[in-house]
Colleague: 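What follows is a structure written as C-alpha cells; I'll ask about it next.
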Amino acid sequence: MAQRVVHVPVIFIAAHGSFVASLWSFLLAFAVFETVNADDVFSASHTAMAQTAAARDLRYLLYDVNPPEGFNLRRDVYIRMASLVKGLRKSGDDWVLVLPPWGRLYHWQSPDIHQVRIPWGEFFSLTSLQANVPVIEYEEFIAENGGPFIDQVLVLQNYAEGWTDGKWEEKVDERPCIEKLMYSKDKQGYYRGWFWGYEQTRARNVMCISAQGHASIMAPVLQKNITVTSVMLDRAETLLHDYYAGKDYWDTRRSMVFAKHLRLIGDDFRAKYLNSTDEKDQTIYSEDWTRMKAKLGSAKGGPYLGVHLRRKDFIWGHREDVPSLKGAVKKMHSLMKKHKLDKVFVATDADEEELKELKRLLPDMVRFEPSIEDLELLKDGGVAIIDQWICAHARFFIGTSVSTFSFRIHEEREILGFDPKTTYNRFCGDTEKECEQPTHWKIVF
Ligand SMILES: Nc1nc2c(ncn2[C@@H]2O[C@H](COP(=O)(O)OP(=O)(O)OP(=O)(O)O)[C@@H](O)[C@H]2O)c(=O)[nH]1
Ligand SMILES: *[C@@H]1O[C@H](CO)[C@@H](O)[C@H](O)[C@H]1NC(C)=O
Ligand SMILES: *[C@@H]1O[C@H](CO)[C@@H](O)[C@H](O)[C@H]1NC(C)=O
C-alpha cells in the first residue's frame with residue numbers, strides 16, 4: 001500500500017536557454033525535497049489504510065469525460081468523482097480513483113507539441129490530491145493491475161424519454177445505448193476505444209447506464225450490481241455534484257494544488273514583471289492545503305489588475321454577455337484608475353488577429369508568453385495554470401461571463417483569502433442590459 005500511495009512527480013526534461021529552463025535545476029532539487037515530504041504528509045493515512053486493507057478488496061474507479069469538454073470543466077468533474085470515491089470508501093471496498101491522463105483537448109492546439117497521455121503530476125501536486133482521497137496515475141494502475149485491462153466500462157447517458165411527467169427524480173438503470181457506442185469489439189472479444197491515447201488498453205465489458213442524479217447514486221450500483229475490480233465511468237460529467245460548494249466540494253477543490261514547478265514559474269514572473277511577492281502582497285501559500293485557511297480579506301494581492309478575457313468560441317456565437325475588445329479595454333482602464341493600479345496582466349485565448357488588436361489598444365499590458373521551448377515543457381495546460389495563478393494573485397480581478405476558466409480563478413482567490421469584492425467580477429457585453437455579476441461561493445472548512 002505504501003508504495004502505491006507515494007508517487008513523486010519528477011519531470012526530466014532537457015533544459016533550454018529560456019525563462020522556464022533557468023528554474024529547472026531548482027525544480028529538480030525540489031523533487032528530492034518532495035520525496036521526503038510525501039512520506040511525512042501521508043504517513044498517517046498509510047497506517048489507517050494498512051489496518052483495514054486486509055479486510056477490504058482493492059477496487060479501481062476510472063473515468064473519462066465527453067471529448068469536447070475543456071480543461072476547467074474536467075477539473076470540476078474530478079471533484080464529483082472524488083466525492084463518489086469517498087462515499088464508496090465509507091462502506092465496503094478499498095476504492096482508489098485512477099486519474100484520467102490529459103490530452104486531445106479541443107482547446108490545446110499549440111502545434112507540434114506532444115499533448116497526449118499527460119499525467120496529472122505535470123499539472124497538479126499528487127501528494128496534495130492524495131491527502132484528500134487515494135488517487136493514482138493511469139500508468140500506475142496498469143502496473144498494479146497487471147496490464148492495460150479494464151473490467152467494466154459503464155457509459156453514462158441520460159434517459160431517452162427525458163424527465164417523465166416533467167418531474168425530476170434520481171434514478172439509475174441499465175438501458176440500451178442511445179448514442180453510437182464509442183467502443184468496438186476486437187478479434188479477441190475485447191472492447192477498444194480512445195482510453196486517453198493508450199492504444200493497448202482494452203475493456204472486458206461495456207454497457208450503457210442511464211443516470212439522472214448526483215454522483216453518489218452510482219455507489220449502490222458499484223457496490224452491489226458490479227463486483228469486478230476495475231470500473232470506468234465514461235461521460236462522467238452526466239453525474240451532478242453531491243453538494244456543490246459544500247465542505248466535501250471545497251476539501252477536494254483545495255486539494256487540487258497546482259504542481260510546484262508551475263507555481264514557481266508564476267511566482268517568478270510576478271516578481272520580475274509585476275512587482276508582486278507573497279510577503280508584500282500577503283498571499284503566503286502553504287504547500288499543505290489542509291493548513292491553508294486564509295481569512296477573507298487578508299490577502300492584498302500584487303499591484304496589478306488581473307484579467308481573464310475568454311475569446312474564440314465565446315465570441316463566435318456572438319454572445320451578448322461577452323464584450324468587444326474595445327469594450328473590454330475601456331473597462332480595464334477604468335478599473336486601473338479606480339484601484340490606482342498602473343499595470344494590467346491579461347490572460348486570454350484570443351487568436352493572433354485579436355491579440356494584435358489587443359496589443360494596439362493596450363500596449364502596456366503584461367502577458368505570459370512562453371517561447372516554443374517553454375511551451376514544450378509546460379504544454380497548453382501548464383500555461384493555462386500559470387495564467388490562472390498570476391490572475392489569482394492580482395489586487396483586483398475581472399473575468400469572463402460563465403467561463404469555467406474564470407470560475408477556477410475565483411476559487412483560487414477564495415483560497416488565498418481575497419476580499420470577494422476584488423474577485424467576483426466579470427466583463428459585461430457592450431450592449432448587455434442586466435449584467436449580473438458572478439456568485440460568491442464561500443469556503444466551507
Ligand atoms: N493560457 C490560457 N488558455 C486559455 C485562456 N482562456 C482559455 N484558455 C484555453 O481554452 C480552454 C477553455 O476551456 P475551459 O477551460 O473549459 O474554460 P471555459 O472558458 O469555460 O470554456 P468552455 O468549457 O468551452 O465553456 C482552457 O482550458 C485553455 O486551454 C487563457 O486566458 N489563457
Ligand atoms: C442493480 O440490481 C438491482 C437488484 O438486482 C436491480 O433491481 C437494478 O435494476 C440493478 N441496477 C442496475 C443499474 O443495473
Ligand atoms: C514595488 O513595490 C514597492 C511597494 O510595495 C514600491 O516601493 C516599489 O517602488 C515598487 N517597485 C517598482 C519597480 O515599481
Side-chain angles (χ1 to χ4, degrees), residues 65-77 102-110 115 123 152 154 156-157 159 171-175 207-213 217-227 231 233 237 262 266 270-282 300-304 306-317 319 322 340-343 345-351 354-355 358 367-370 374-375 378-392 395 397-410 426:
V65 175
N66 195 20
E69 301 297 351
F71 186 41
N72 290 292
L73 182 92
R74 286 165 191 267
R75 286 172 63 186
D76 186 80
V77 175
W102 298 99
R104 205 179 68 164
L105 261 54
Y106 164 77
H107 298 97
W108 294 358
Q109 292 172 349
S110 289
Q115 305 212 55
F123 297 148
Q152 175 76 58
L154 304 178
L156 303 181
Q157 58 186 13
Y159 281 80
K171 52 185 179 174
V172 51
D173 293 285
E174 184 181 353
R175 286 292 176 89
M207 73 176 158
C208 288
I209 297 268
S210 287
Q212 179 173 292
I217 60 164
M218 289 308 295
V221 179
L222 296 171
Q223 284 161 333
K224 296 192 190 114
N225 300 58
I226 289 163
T227 53
V231 186
L233 302 182
E237 77 286 354
L262 301 177
R270 285 166 52 214
K272 226 167 171 167
Y273 301 105
L274 296 163
N275 195 12
S276 165
T277 62
D278 287 349
E279 288 75 24
K280 269 197 312 204
D281 304 346
Q282 289 154 40
K300 193 167 156 231
Y304 58 97
V307 170
H308 174 233
L309 190 58
R310 182 75 160 77
R311 307 306 283 173
K312 293 217 171 114
D313 39 312
F314 274 40
I315 53 167
W316 297 336
R319 278 169 44 170
V322 177
K340 299 190 177 62
L341 300 169
D342 53 15
K343 287 201 177 90
F345 174 81
V346 179
T348 184
D349 63 335
D351 62 21
E354 272 214 312
L355 207 53
L358 188 60
R367 301 225 329 116
F368 179 75
E369 288 179 306
D374 290 347
L375 188 59
L378 302 169
K379 316 215 167 58
D380 284 328
V383 177
I385 285 172
I386 293 166
D387 268 348
Q388 289 182 319
W389 186 247
I390 299 169
C391 282
R395 191 147 310 158
F397 171 72
I398 183 164
T400 302
S401 180
V402 295
S403 160
T404 54
F405 191 105
S406 293
F407 292 160
R408 299 291 90 83
I409 294 171
H410 297 163
R426 71 153 173 104

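For the single chain, residues carry numbers from 1 onward in sequence order. For ligands, and for the atoms within them, numbers begin at 1 and follow the listed sequence.
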Colleague: Among F407, F405, F368, which residue places a heavy atom closest to atom 26 (C) of ligand 1?
Modeller: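 Checking each option, the heavy atom nearest atom 26 (C) of ligand 1 is found in F405.
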Colleague: Please list, in number order, the atoms of ligand 1 under 4.0 Å from a heavy atom of S403.
Modeller: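 Those atoms are 18 (P), 19 (O), 20 (O).
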Colleague: Give me the nearest non-hydrogen protein atom to atom 14 (O) of ligand 3 as residue plus atom name, then the distance to 0.1 Å.
Modeller: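 Sorting protein heavy atoms by distance from atom 14 (O) of ligand 3 puts N275 ND2, 3.3 Å first.
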Colleague: How far is atom 6 (N) of ligand 1 from its nearest protein heavy atom, and which residue and atom name does that atom have?
Modeller: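 Sorting protein heavy atoms by distance from atom 6 (N) of ligand 1 puts H308 NE2, 3.0 Å first.
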Colleague: For N72, is at least one N or O under 3.5 Å away from an N or O on ligand 1?
Modeller: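 Such a contact does occur with ligand 1.
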Colleague: Does the protein place any heavy atom closer than 4.0 Å to atom 4 (C) of ligand 2?
Modeller: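 Given the 4.0 Å limit, the answer for atom 4 (C) of ligand 2 is no, no protein heavy atom qualifies.
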Colleague: Hey, does F314 sit under 4.0 Å from ligand 1 if you only count heavy atoms?
Modeller: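 Within the 4.0 Å threshold, so yes.
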Colleague: What's the shortest heavy-atom distance between E174 and I209, and which atoms?
Modeller: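 For E174 versus I209, the nearest heavy atoms are CA-CD1, 4.2 Å.
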Colleague: Provide, to 0.1 Å, the distance between atom 2 (O) of ligand 2 and the closest protein heavy atom, together with that atom's residue and name.
Modeller: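 Here the closest protein heavy atom is N225 ND2, 2.4 Å.
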Colleague: In terms of residue, atom name and distance, what is the protein heavy atom nearest to atom 8 (N) of ligand 1?
Modeller: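 In this structure, atom 8 (N) of ligand 1 has D349 CB, 3.6 Å as its nearest protein heavy atom.
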Colleague: Could you find the nearest protein heavy atom to atom 18 (P) of ligand 1 and give me its residue, atom name and distance?
Modeller: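 Answer, as residue, atom name and distance: T404 OG1, 3.3 Å.
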Colleague: Could D387 and R367 be called an ion pair, given the rule that one side-chain N must be under 4.0 Å from one carboxylate O?
Modeller: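 Looking at D387 and R367, the cut-off is not met.
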Colleague: At under 4.0 Å between heavy atoms, which part of T348 makes contact with ligand 1: side chain, backbone, both or neither?
Modeller: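 The answer is the backbone.
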Colleague: Determine the minimum heavy-atom distance between I386 and L262, stating which atoms define it.
Modeller: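 Closest heavy-atom pair between I386 and L262: CG1-O, 3.7 Å.
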Colleague: Quick one: does R175's side chain have a donor or acceptor within less than 3.5 Å of a partner on C208's backbone?
Modeller: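 It does not hold such a pair.
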Colleague: Contact between K224 and ligand 2, counting heavy atoms under 4.0 Å?
Modeller: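 K224 does not count as a contact of ligand 2 under the 4.0 Å cut-off.
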Colleague: Is a side-chain donor-acceptor pair under 3.5 Å present for D173 with S210?
Modeller: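 Looking only at side-chain atoms, D173 and S210 do not form any donor-acceptor pair under 3.5 Å.
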Colleague: At what distance is the nearest protein heavy atom to atom 11 (C) of ligand 1, and which residue and atom is it?
Modeller: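 Its nearest protein heavy-atom neighbour is H107 CG, 3.3 Å.
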Colleague: Looking at R310, R426, H308, Q388, which hits side chain to side chain donor-acceptor pair (under 3.5 Å) with S406?
Modeller: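 Passing option: H308.
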Colleague: Distance to 0.1 Å, residue and atom name: give those for the protein heavy atom nearest to atom 13 (C) of ligand 2.
Modeller: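 Protein heavy atom with the smallest distance to atom 13 (C) of ligand 2: E174 N, 3.7 Å.
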Colleague: Would you say atom 11 (N) of ligand 3 has a protein heavy atom nearer than 4.0 Å?
Modeller: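 Within 4.0 Å of atom 11 (N) of ligand 3, protein heavy atoms are found.
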Colleague: Look at the side chain of Y304 and the backbone N and O of L274, then say whether any donor-acceptor pair between them is shorter than 3.5 Å.
Modeller: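 No; zero donor-acceptor contacts below 3.5 Å.
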Colleague: Hey, which atoms in ligand 1 end up nearer than 4.0 Å to a heavy atom of D313?
Modeller: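 Taking each heavy atom of D313 in turn, ligand 1 has 24 (O) under 4.0 Å.
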Colleague: Could you report the tightest heavy-atom contact between V402 and R319, atom names first, then the distance?
Modeller: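 Minimum heavy-atom contact is CG2-NH2, 3.1 Å.
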Colleague: If we only count N/O pairs under 3.5 Å, is E69 in contact with ligand 1?
Modeller: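 No.
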Colleague: At a 4.0 Å threshold, what atoms of ligand 1 neighbour a non-hydrogen atom of G70?
Modeller: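 Here the atoms of ligand 1 in question are 16 (O).
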Colleague: Which pair of non-hydrogen atoms, one from L375 and one from P370, has the smallest distance, and what is that distance?
Modeller: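 Closest pair (atom of L375, atom of P370, distance): N-CB, 4.2 Å.
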Colleague: Work out which heavy atom in T400 is nearest to a heavy atom in V322; give both atom names and the distance.
Modeller: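 What the structure gives for the nearest pair is CG2-CG2, 4.4 Å.
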Colleague: Does atom 7 (O) of ligand 2 have any protein heavy atom closer than 4.0 Å?
Modeller: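 False for atom 7 (O) of ligand 2.
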Colleague: Would you check if there is a donor-acceptor pair between the side chains of N275 and K343 at a distance under 3.5 Å?
Modeller: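 There is no such pair between these side chains.
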Colleague: Could a heavy atom of D380 be found less than 4.0 Å from some atom of ligand 1?
Modeller: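 It does not, in that no heavy atom of D380 comes within the 4.0 Å cut-off of ligand 1.
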Colleague: Is the backbone of E354 close enough, under 3.5 Å, to the side chain of D351 for a donor and an acceptor to pair up by distance?
Modeller: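 Answer holds: yes.
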Colleague: How close do I226 and V231 get, counting heavy atoms only, and between which atoms?
Modeller: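 Closest approach of I226 to V231, heavy atoms only: CG2-CG2, 3.8 Å.
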Colleague: Just heavy atoms, cut-off under 4.0 Å: does L309 contact ligand 1 by side chain, backbone, both, or neither?
Modeller: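 Under 4.0 Å from ligand 1, L309 contributes no heavy atoms.
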Colleague: Note the single closest protein heavy atom to atom 27 (O) of ligand 1, along with its residue, its atom name and the distance in Å.
Modeller: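 Ranking protein heavy atoms by distance from atom 27 (O) of ligand 1, first comes F71 CB, 3.2 Å.
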